[in-house]
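The next block holds one structure in the form of structure tokens; read it before the comments.
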Amino acid sequence: NVFSHCRVVAKVAKQVCKKLENIGKRGFPSARNANISEHKGVKVNTKLAVASAWLHDICRAMEHAKDEKHLNESIADHAEAGYKVVKKLGYPEVAKVVRTHSLILHMPHRLPKSAEEKVVFYADKRCIESKIVSMEKRIRDIGRRYKIPIDKELEYAKKLEKELGQ
């Protein structure tokens, strides 16, 4: 169910934020990765990331509430629809993060840019329903479920995973 999925995505997002905050405090002076997790003082708004994780699939929840009668949206459209709903509710910062959580390499203007956007994108790609799984397993599940090619998305997600120090 959508609620259980969002709860687990929020849990993963919180864990990633906590790790980024701790890395930022230490400066993480490793030569392993050249990424955001290595920069001293990484700023991540944990409350924004967690709130966004809770709401990232708001339109999927609304679809279920309406017995899925208008479920004609593509994988990326639910993120855009969620953006509009959350923004209309008065939470534009959360809406922006919701908009960027989907597999959207064919729409580069929707790639996650902020730390919070990257965290929620990553956290969502670690959860199948209410289970935490490997990112690769989740993305392959998305490809199978929606019958879409996922090679480039998987490559992007792996780079993001490394960037986040996971």
Side-chain angles (χ1 to χ4, degrees), residues 2-3 5-61 75-128 130-139 142 150 152-166:
V2 178
F3 177 79
H5 170 70
C6 290
R7 180 173 34 95
V8 176
V9 171
K11 177 182 176 182
V12 172
K14 188 173 185 177
Q15 291 170 346
V16 173
C17 287
K18 189 173 271 192
K19 184 174 181 181
L20 285 174
E21 289 169 354
N22 288 335
I23 289 170
K25 288 174 186 168
R26 292 192 317 263
F28 202 71
S30 164
R32 276 186 318 158
N33 307 315
N35 55 51
I36 67 170
S37 68
E38 288 194 25
H39 298 291
K40 190 171 185 173
V42 171
K43 296 288 183 189
V44 60
N45 183 334
T46 301
K47 288 181 181 180
L48 174 60
V50 172
S52 301
W54 270 105
L55 294 173
H56 81 280
D57 276 347
I58 188 169
C59 282
R60 292 211 189 278
I75 189 168
D77 287 342
H78 86 279
E80 183 66 20
Y83 163 79
K84 290 175 183 174
V85 167
V86 175
K87 187 175 180 182
K88 190 173 183 176
L89 290 171
Y91 302 100
E93 288 183 23
V94 173
K96 188 176 177 211
V97 177
V98 167
R99 178 185 245 172
T100 61
H101 84 273
S102 253
L103 292 177
I104 34 74
L105 288 184
H106 63 284
M107 292 183 275
H109 65 285
R110 298 250 308 266
L111 288 173
K113 293 176 182 71
S114 72
E116 296 80 13
E117 291 170 358
K118 291 175 180 184
V119 165
V120 174
F121 179 95
Y122 172 75
D124 184 45
K125 302 313 166 281
R126 288 294 314 276
C127 303
I128 295 177
S130 62
K131 292 185 178 115
I132 299 172
V133 298
S134 74
M135 188 186 48
E136 188 165 342
K137 183 174 182 176
R138 165 68 163 142
I139 291 177
I142 291 169
I150 49 91
K152 288 181 181 176
E153 281 77 2
L154 183 57
E155 183 181 328
Y156 173 78
K158 283 181 179 181
K159 282 171 42 178
L160 186 62
E161 183 174 50
K162 199 174 214 179
E163 180 179 339
L164 293 171
Q166 300 303 302

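Along the sequence shown, residues carry numbers from 1. Only a predicted model underlies this, so the values are computations on that prediction, with no experimental measurement involved.
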Of all heavy-atom pairs between [X] and [Y], which one has the smallest distance, and what is that distance?
| X | Y | answer |
| --- | --- | --- |
| Ala13 | Ala49 | CB-O, 4.4 Å |
| Val98 | Val86 | CG2-CG2, 4.5 Å |
| Cys6 | His56 | SG-CE1, 3.7 Å |
| Glu161 | Tyr122 | OE2-OH, 3.2 Å |
| Lys113 | Glu117 | N-OE1, 2.6 Å |
| Cys59 | Gly82 | SG-N, 3.4 Å |

To the nearest 0.5 Å, what is the distance between [atom1] ([X]) and [atom2] ([Y])?
| X | Y | atom1 | atom2 | result |
| --- | --- | --- | --- | --- |
| Gln15 | Lys19 | CD | NZ | 10.5 Å |
| Glu93 | Asn45 | CD | CG | 7.0 Å |
| Lys137 | Ile128 | NZ | CD1 | 5.5 Å |
| His78 | Ile58 | NE2 | CD1 | 11.5 Å |

* To do: Test side chain to side chain contact (heavy atoms under 4.5 Å, CB included) on Lys118 and Leu164 and set out the steps.
  => CA-CA 8 Å; Lys118 291 175 180 184; Leu164 293 171; 4.2 Å; yes
* Lys152 NZ/CZ over Tyr156 ring centroid, <6.0 Å and within 45° of normal -> no
* Chi angles and distances behind the side chain to side chain contact (heavy atoms under 4.5 Å, CB included) call for Leu48, Val94 -> CA-CA 6 Å; Leu48 174 60; Val94 173; 3.7 Å; yes
Taking [X] for the side chain and [Y] for the main chain, is one N or O donor matched with an acceptor at less than 3.5 Å?
| X | Y | result |
| --- | --- | --- |
| Arg138 | Asp124 | yes |
| Arg126 | Val133 | yes |
| Glu136 | Ser134 | no |
| Lys125 | Ala157 | no |
| His5 | Val2 | no |

* Can you find a pair of side-chain heavy atoms, one from Cys17 and one from Val50, that are under 4.5 Å apart? -> no
* Is the Phe3 ring parallel, tilted or perpendicular to the Trp54 ring (thresholds 30°, 60°)? ->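 Ring orientation of Phe3 relative to Trp54: tilted.
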* Evaluate side chain to side chain contact (heavy atoms under 4.5 Å, CB included) for Glu21 paired with Val44, printing each intermediate quantity in order. => CA-CA 7 Å; Glu21 289 169 354; Val44 60; 3.7 Å; yes
* Asked: Strictly by modelled atom types, are Ser52 and Glu116 linked by a side-chain donor-acceptor pair under 3.5 Å?
  -> no
